[in-house]
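For reference, the structure is listed below as structure tokens.
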Amino acid sequence: MKIKKTKIEREPTEFALRVYDLLRQVPRGRVVSYGELARALGKASPRAVGQALRRNPYAPEVPCHRVIAANGRIGGFQGYRTGPALRRKLDLLAREGVVFEKGRLKDAANKFHEFGVT
DNA sequence: GCCCTACATCAAC
DNA sequence: GTTGATGTAGGGC
């Protein structure tokens with residue numbers, strides 16, 4: 001039988017691939033904001049970045065847990081903006097040295113913004 | 001200090 | 001045209 005399972009998981013677009021590549025540059029113990037990624041891309045909006053990350057087909061390969069909001073908020077994780085997934089994200093970051101407090105980034109110094117700047 | 005609302009902006013549905 | 005893992009600006013508690 002043909003069970004058209006609503007192709008939810010589409011292949012990543014060129015735009016998404018760019019986002020993933022940048023995210024992979026983020027070292028451990030560092031986090032980036034959607035806006036920073038959008039800025040690194042040169043021409044994009046924070047929302048577009050979030051869209052790409054949410055689709056993230058390269059789950060373990062792309063550290064989507066190192067992406068937070070510019071205002072220090074935690075953003076989302078694995079498609080969830082709230083719930084146990086967020087707690088997991090905070091735990092992963094804390095493990096890498098990124099301390100969060102009350103769902104907010106405690107030290108903004110952990111923010112990384114040196115893409116491609118070798 | 002905290003939270004919410006409105007508008008702007010780009011990509012995907 | 002609407003939504004979305006946002007951002008900035010403005011207002012209220």
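The figures that follow rest on heavy atoms only: side chains count, while hydrogens, waters and symmetry mates do not. By convention in this document, chain letters (A, B, ...) are assigned in the order of the sequence lines, proteins followed by strands, and residues within each chain are numbered from 1.
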[X]: what forms a side chain to side chain contact (heavy atoms under 4.5 Å, CB included) with it, not counting sequence neighbours?
{"X": "A:Asn71", "value": "A:Ala69, A:Arg73"}
{"X": "A:Ala48", "value": "A:Phe15, A:Ser45"}
{"X": "A:Leu90", "value": "A:Ile74, A:Phe100"}
{"X": "A:Tyr80", "value": "A:Gln78, A:Ala85, A:Leu86"}

- Ignoring backbone atoms, establish whether A:Asn56 has a side-chain N or O less than 4.0 Å from OP1 or OP2 of C:dA5. no
- Taking OP1 and OP2 of B:dC13, is either one under 4.0 Å from a side-chain nitrogen or oxygen of A:Arg55? yes
- Message: For a 4.5 angstrom cut-off between non-hydrogen side-chain atoms, does A:Val26 reach A:Phe115?
- Response: yes
Please tabulate, for side-chain N and O atoms in residues 31-39 of chain A, each donor-acceptor pair with protein atoms closer than 3.5 Å (sequence neighbours left out).
from, atom 1, to, atom 2, distance (Å)
A:Ser33, OG, A:Glu36, N, 3.1
A:Tyr34, OH, A:Gly76, N, 3.4

Report all interatomic pairs (protein N or O, nucleotide N or O of nucleotides 3-9 of chain B) with separations under 3.5 Å.
from, atom 1, to, atom 2, distance (Å)
B:dC3, OP2, A:Arg73, NH2, 3.4
B:dC3, OP2, A:Arg104, NH1, 3.3
B:dA8, N6, A:Arg47, NH1, 2.5
B:dA8, N6, A:Arg47, NH2, 3.4

Rounded to whole Å, please give me the gap between [atom1] in [X] and [atom2] in [N].
{"X": "A:Phe77", "N": "C:dA5", "atom1": "CZ", "atom2": "C1'", "answer": "11 Å"}
{"X": "A:Gln51", "N": "B:dA11", "atom1": "CD", "atom2": "P", "answer": "11 Å"}
{"X": "A:Arg39", "N": "B:dC10", "atom1": "CZ", "atom2": "P", "answer": "14 Å"}
{"X": "A:Tyr20", "N": "C:dA5", "atom1": "OH", "atom2": "C1'", "answer": "11 Å"}
{"X": "A:Asn71", "N": "C:dA9", "atom1": "CG", "atom2": "P", "answer": "12 Å"}
{"X": "A:Lys89", "N": "C:dA5", "atom1": "NZ", "atom2": "P", "answer": "11 Å"}

- Task: Using the criterion of both pairing distances under 3.5 Å for Watson-Crick and G-U wobble pairs, give all stems of 3 or more consecutive pairs involving DNA chain C.
- Result: B:1-8 with C:6-13, B:10-13 with C:1-4
- Message: Do A:Leu41 and A:Leu23 sit in one hydrophobic cluster, given that two such residues count as connected whenever their side-chain heavy atoms are within less than 4.5 Å of each other, even indirectly?
- Response: yes
- Message: Test of understanding: clusters of I, L, V, M, F, W, Y form through side-chain heavy atoms closer than 4.5 Å, transitively. Do A:Leu17 and A:Val67 belong to the same one?
- Response: yes
- Item | Inter- and intrachain pairs under side-chain hydrogen bond (donor to acceptor under 3.5 Å, both in side chains), touching residues 82-95 of chain A, at least two apart | none
- side-chain hydrogen bond (donor to acceptor under 3.5 Å, both in side chains) contacts touching residues 17-30 of chain A (sequence neighbours left out): A:Arg24-A:Glu61
Short N/O separations, protein against nucleotides 11-13 of chain C, under 3.5 angstrom:
none

- Query: Contacts to DNA chain C from residues 24-38 of chain A, heavy-atom cutoff under 4.0 Å, which residues?
  - Reply: A:Ser33, A:Tyr34, A:Gly35
- So, for A:Ala59 and A:Cys64, which heavy atoms are closest and what is the spacing to 0.1 Å? O-SG, 4.3 Å
- Task: Could you grab the distance from atom CD1 of A:Ile68 to atom CZ of A:Arg104, nearest 0.5 Å is fine?
- Result: 10.5 Å
- Task: Carefully, step by step, assess A:Val98 and A:Leu105 under the rule side chain to side chain contact (heavy atoms under 4.5 Å, CB included).
- Result: CA-CA 8 Å; A:Val98 184; A:Leu105 181 64; 3.4 Å; yes
- Sub-4.0 Å heavy-atom contacts from residues 61-70 of chain A onto DNA chain B, ordered by number: none
